[in-house]
Amino acid sequence: MASFPNVTNKVKAFSIKCSATAATPLSQSQDLEERVFNFAAGPATLPEKVLKKAQSELYNWHGSGMSVMEMSHRGKEFLSIIQKAEGDLRALLNISEDYAVLFLQGGATTQFAAIPLNIVKPEDSVDYVVTGSWGDKAFKEAQKYSKPKVIWSGKSEKYTKIPSFDSLEQTPDSKYLHICANETIHGVEFKDYPDPKNGILVADMSSNFCSKPVDVSKFGVIYAGAQKNVGPSGVTIVIIRKDLIGDAQGITPVMLDYKIHAENNSLYNTPPCFGIYMCGLVFDDLLAQGGLKEVEKKNKKKGDLLYNAIDESKGFYRCPVDKSVRSLMNVPFTLEKSELEAEFIKEAAKEKMIQLKGHRSVGGMRASIYNAMPFAGVEKLVAFMKDFQARHA
Ligand code: PMP
């Protein structure tokens, strides 16, 4: 009889081992060493505390025995998550009960269509102030569902300005006035808001959402993609005055109809559960920091440091944006010697400061310094800029 040396007659006990429970977590110090300062415009850097908290809850959320990613969106666990997220956002922005808060999908780009579809008719006039590429995109999409007019455009001045509100020639019967509160690519930010002569004010706040206090009662609709200041991509937040809901155009797809989402508390279909959970962690963290007034102070400090470094460089660095409307979130700048820009970006990346390349449509550099960018990140960038200038001036 042939012998099989590797096979024993004994039946081995079958053991079930869960490899995941045995996985060793990365040590904290290792984590920190590996992190970069990420100046990306979005998806963008998230608060370290929030990432750690999500990491600690990832495998088993609050003793539920499952991850947020695995939960039913109709279960009590997720309901508590989305309700807390909404409650915390309402507290942060002091949003009254006159407004619905919706957690949607499709990005701010989807809202470019959803806004006219929901709140005006195809023959209605609506006004757009175009201070950058995003406002322009919003205007173009609105052409399919309404009669929009660009009442002011900064294009001829390369989107470096915001008009004086007195000079705006608003269409008398316009149903709304649309602005992009912060132009992510051009770095132009409204510091105050125009009053619509007629109708309501609508704002795309994607890239400065929750970066400072905002008087929500001035607006009919505020919308924002989450992936800059408040979470991962995949969540779009819409804050809308309730009396504007419920009269969508007949062609409005069910997924774009605010009434459907408001009536179902953002749970008409499967929402982006994990993204909403992450936004909730960010809101909680912003409240813990003392709310948006405190957050704004920190953002001003970071913005001042960076803009001063640019302005004091004797023209080595330049920011083209009008000083009074420079964004505290996205800081575009160029080098006088533009041939050095690629080198600047390469050397910065070596120093673990990444994503400093300007948008392909404008070139140069752009440092996005959202809420979650630590002061130390801007300090490091400024120190690098000075050193780079000393070596290349
Ligand atoms: N508006 C602004 C101001 C943006 O910055 C962006 C994205 N960068 C958008 C709209 C489009 O957002 P999304 O990619 O989420 O559709």
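Atoms within a ligand are numbered from 1 in the order they appear, just like the ligands themselves. What you see is a predicted model; the values in this text were computed from it and never measured.
At least one N/O-N/O distance between K228 and ligand 1 falls below 3.5 Å. Taking distance alone, with nitrogen or oxygen atoms compared against 3.5 Å, D204 approaches ligand 1 more closely than that limit.
Using cut-offs of 30° and 60° on the angle between ring planes, the pair H178 and F112 is perpendicular.
Between E263 and K259 there is a salt bridge, with a side-chain nitrogen of the basic residue lying less than 4.0 Å from a carboxylate oxygen of the acidic one. Taking a cutoff of 4.0 Å between a charged side-chain nitrogen and a carboxylate oxygen, D311 and R326 qualify as a salt bridge. For D387 and R391, the salt-bridge test passes: some basic side-chain N is under 4.0 Å from an acidic carboxylate O. Ion pairing between a basic and an acidic side chain is recognised when a charged N comes within 4.0 Å of a carboxylate O; K242 and E97 show such pairing.
The shell of residues lying under 4.0 angstrom from ligand 1, judged by heavy atoms, excludes G225. No heavy atom of G42 sits closer than 4.0 Å to any atom of ligand 1.
Nearest heavy-atom pair across F139 and V130 is CB-CG2, 4.5 Å.
A side-chain donor-acceptor contact under 3.5 Å links S207 and N182. Residues S211 and N229 bring no donor and acceptor atom of their side chains to less than 3.5 Å of each other.
With a 4.0 Å heavy-atom cut-off, ligand 1 is reached by the backbone of N182 but not by any atom from C-beta on. Counting heavy atoms under 4.0 Å from ligand 1, residue E183 does not touch it at all. Of all the heavy atoms of A41, none lies under 4.0 Å from any atom of ligand 1, so neither backbone nor side chain is involved. Residue contacts with ligand 1, taken as heavy atom pairs separated by less than 4.0 Å, do not involve F209 at all. For K137, no heavy-atom contact with ligand 1 is shorter than 4.0 Å. Contacts of A108 with ligand 1, taken as heavy-atom pairs under 4.0 Å, involve both backbone and side chain.
Closest to atom 5 (O) of ligand 1, if we only count protein heavy atoms, is T184 OG1, 2.4 Å. Distance from atom 15 (O) of ligand 1 to its nearest protein heavy atom, with residue and atom name: Q227 NE2, 2.9 Å.
Under a 3.5 Å cut-off, the side chain of Q249 and the backbone N or O of Y145 do form a donor-acceptor pair. Under the 3.5 Å distance criterion, the side-chain polar atoms of K302 are left unmatched by any main-chain donor or acceptor of G377.
In summary, the atoms of ligand 1 found under 4.0 Å from a heavy atom of F112, numbered by their order in the structure, are 10 (C). Contact atoms of ligand 1 toward C180: 3 (C) (distance under 4.0 Å to a heavy atom of the residue). Close approach of ligand 1 to T109 is summarised as follows: ligand atoms under 4.0 Å from at least one heavy atom of the residue are 11 (C), 12 (O), 13 (P), 16 (O).
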